[in-house]
Structure formats: C-alpha cells, structure tokens
Amino acid sequence: MIAFLTGRVAARGAGSAVIDVGGVGMSVHCSPAALSGLRVGEEGTVSTSLVVREDSMTLFGFADDDERHMFEQLQTASGVGPRLAMSMLAAHSPDGLRQAVATEDTAALTRVPGIGKKGAQRIVLELAGKLESPVLTDGTLPGAEPAGASTPDGAWRGQVVTGLVNLGWSAKDAEQAATAVSAEAEETTDVTVLLRSALRKLSRA
C-alpha cells in the first residue's frame with residue numbers, strides 16, 4: 001500500500017494533482033482539503049489510499065491520515081464507493097461525518113450529491129459506532145501542510161466552482177453559490193471552508 005507521497009507538485013487541476021516523486025509523476029485524485037495545501041512548484045505531501053480494480057489502479061490523496069482513514073471507513077457501507085466517499089469528504093470534515101452518523105443527522109448526509117434520504121439512513125445504520133479516530137504515532141505526516149492552508153486571493157473562486165461542478169452541480173448553480181460565499185472570502189480563502197459553505201447554501205436553495 002502507498003501510504004503517502006512527498007514530492008514537488010508538478011500540476012494541480014480540478015480534483016487532482018500530479019506529484020513528482022523521484023522523477024515519476026504520480027497522478028492523485030485529491031480531496032479539497034488536500035488540494036488547498038498543494039502549490040505548483042513547491043514540495044507537498046498527501047496521505048494516500050490506493051483503490052485497485054480489475055481494469056484500473058487509482059490513487060486518492062488526502063490532507064492527513066484522519067481524512068484517509070475516514071475515506072476507507074465510509075466505503076464499508078453498502079453503496080458507498082470511492083467517488084461517493086470523496087464527495088462526502090468534500091461536503092463534510094471527518095469530524096462532521098462522525099457527528100452526522102453519531103447523531104443520525106441524515107439531513108447533513110443528503111447534502112452530498114448522490115445521497116438520498118434512504119441512502120443516508122442506510123449509511124447511518126451501517127456505520128454507527130464504526131467511525132472512530134485512527135491511532136497515529138506522531139499525529140501528522142512528515143512534511144504535511146495544514147489542511148486549512150489558504151489560497152491566494154481570487155484563486156479560490158475557480159476552485160470552488162470546479163469542485164461544485166465535479167460534485168454534480170450545474171455550472172450556473174456553482175457560479176451562483178461561489179458568489180453567495182464571496183463575502184466569507186474576505187475572512188478566509190481556505191477553499192475547503194468556502195466549498196462546504198457553498199454546498200450548504202445550495203442544499204437550502
């Protein structure tokens with residue numbers, strides 16, 4: 001298993017990044033929290049989970065071990081695959097997901113594109129008592145940047161819009177949601193925070 005990658009960030013796009021590890025470009029599908037901590041041309045670290053299928057091997061990247069652990073735990077619920085698990089982590093932090101399951105807050109889970117009321121009820125039932133925090137030896141990955149790292153002014157909007165479109169929202173809705181959180185961008189340019197705020201506004205619309 002590839003537990004983490006450290007190397008120069010060669011490219012960063014909508015939902016993914018390429019990390020140069022010893023001259024090999026590793027393509028990684030990243031959570032918003034992981035992407036917000038990566039800068040092209042700089043060294044970065046992501047915690048990773050390798051998903052192997054008959055016809056593919058896909059590497060998923062996360063801001064830290066807790067996020068990766070949650071990604072893997074979510075997939076123990078029937079009907080939750082890697083893509084849906086990533087969507088859940090885009091909409092909620094690991095602690096937010098733990099709280100939603102522990103308090104049976106199905107409304108919070110249905111804010112994730114692809115999860116309906118029955119699906120949320122099934123997830124709560126199957127994951128109840130299973131979403132414990134992982135035991136880490138040092139708490140962080142070597143060289144990892146904070147998950148809440150900010151994004152340069154102005155760059156956040158494109159990342160929020162792209163993230164919403166990747167989660168299944170239309171470009172028009174994504175643009176409107178980005179506009180709706182623009183006032184919050186004066187307080188923080190953390191893409192993860194802004195994306196989750198935009199998702200909340202869309203779910204109430």
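Please read these numbers as outputs of a predicted model, since none were measured by experiment.
Leu125 and Leu97 end up in different hydrophobic clusters when Ile, Leu, Val, Met, Phe, Trp and Tyr side chains are linked at under 4.5 Å. Following chains of ILVMFWY side-chain contacts shorter than 4.5 Å, one can reach Met57 starting from Ile2, so the two form part of one hydrophobic cluster. The hydrophobic cluster containing Met88 also contains Val51, counting ILVMFWY residues as joined when their side-chain heavy atoms lie under 4.5 angstrom apart, directly or transitively. No path of Ile, Leu, Val, Met, Phe, Trp and Tyr side chains, each step under 4.5 Å between heavy atoms, connects Val18 with Val21, placing them in separate hydrophobic clusters. In this structure, Phe62 is not a member of the same hydrophobic cluster as Val193, with clusters built from ILVMFWY side-chain heavy atoms closer than 4.5 Å.
Although no hydrogens or angles enter the test, the distance criterion places no donor-acceptor pair under 3.5 Å between the side chain of Arg83 and the main chain of Val80. The backbone N or O of Glu175 sits less than 3.5 Å from a side-chain atom of Thr179, completing a donor-acceptor pair. Checked by atom type and distance alone, the side chain of Glu42 never pairs as donor or acceptor with a backbone atom of Leu38 at under 3.5 Å.
Inter-residue side-chain proximity for Arg196 and Ser93 is flagged as met; some heavy-atom pair is nearer than 4.5 Å. Within the 4.5 Å cutoff, the side chain of Arg98 has heavy atoms near those of the Asp95 side chain. At least one side-chain heavy atom of Leu194 sits less than 4.5 Å from a side-chain heavy atom of Glu184. Within the 4.5 Å cutoff, side-chain heavy atoms of Glu72 are placed close to those of Arg68. Two residues are said to be in side-chain contact when any heavy atoms from C-beta on lie closer than 4.5 Å; Pro94 and Leu89 meet this criterion. Between Thr76 and Glu126, the closest side-chain pair of non-hydrogen atoms is not below 4.5 Å. Side-chain contact check for Leu127 versus Gln73: every heavy-atom pair is 4.5 Å or farther apart. Inter-residue side-chain proximity for Glu67 and Ser47 is flagged as unmet; no heavy-atom pair is nearer than 4.5 Å.
A distance of 12.0 Å separates OG1 in Thr6 from CE in Met26, rounded to the nearest 0.5 Å. To the nearest 0.5 Å, atoms CG (Asp64) and OG (Ser31) are separated by 8.5 Å. Annotation: the span from Ser16 atom OG to Phe60 atom CZ amounts to 11.0 Å, rounded to 0.5 Å. Note that CG of Leu131 and CE of Met70 are 4.5 Å apart. Values are rounded to the nearest 0.5 Å. Taking OG1 from Thr45 and CG from Leu5, the interatomic distance works out to 8.5 Å, rounded to the nearest 0.5 Å. A distance of 8.5 Å separates OG in Ser78 from CD1 in Ile123, rounded to the nearest 0.5 Å.
Between Met86 and His29 the shortest heavy-atom distance is CE-O, 3.6 Å. Ala198 and Val160 get closest at one heavy-atom pair: CB-CG1, 4.2 Å. The two residues Leu199 and Ala91 make their nearest non-hydrogen contact at CD1-CA, 3.4 Å. Closest heavy-atom contact between Gly23 and Asp20: N-OD1, 2.8 Å. In terms of heavy atoms, Ala178 sits closest to Val161 at CB-CG2, 3.7 Å. The two residues Ser27 and Leu59 come nearest to each other via the heavy atoms O-CB, 3.9 Å.
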Arg122 and Lys118: CA distance, side-chain angles, deciding distance, side-chain contact (heavy atoms from CB on, under 4.5 Å) verdict: CA-CA 6 Å; Arg122 183 183 65 251; Lys118 290 184 178 179; 5.7 Å; no
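Judged as a side-chain contact (heavy atoms from CB on, under 4.5 Å), and not counting sequence neighbours, the contacts of Thr106 are Ala120, Gln121, Val124. Looking at residues two or more places apart in sequence or on another chain, you find a side-chain contact (heavy atoms from CB on, under 4.5 Å) between Ala108 and His92, Ala100, Asp105, Arg111.
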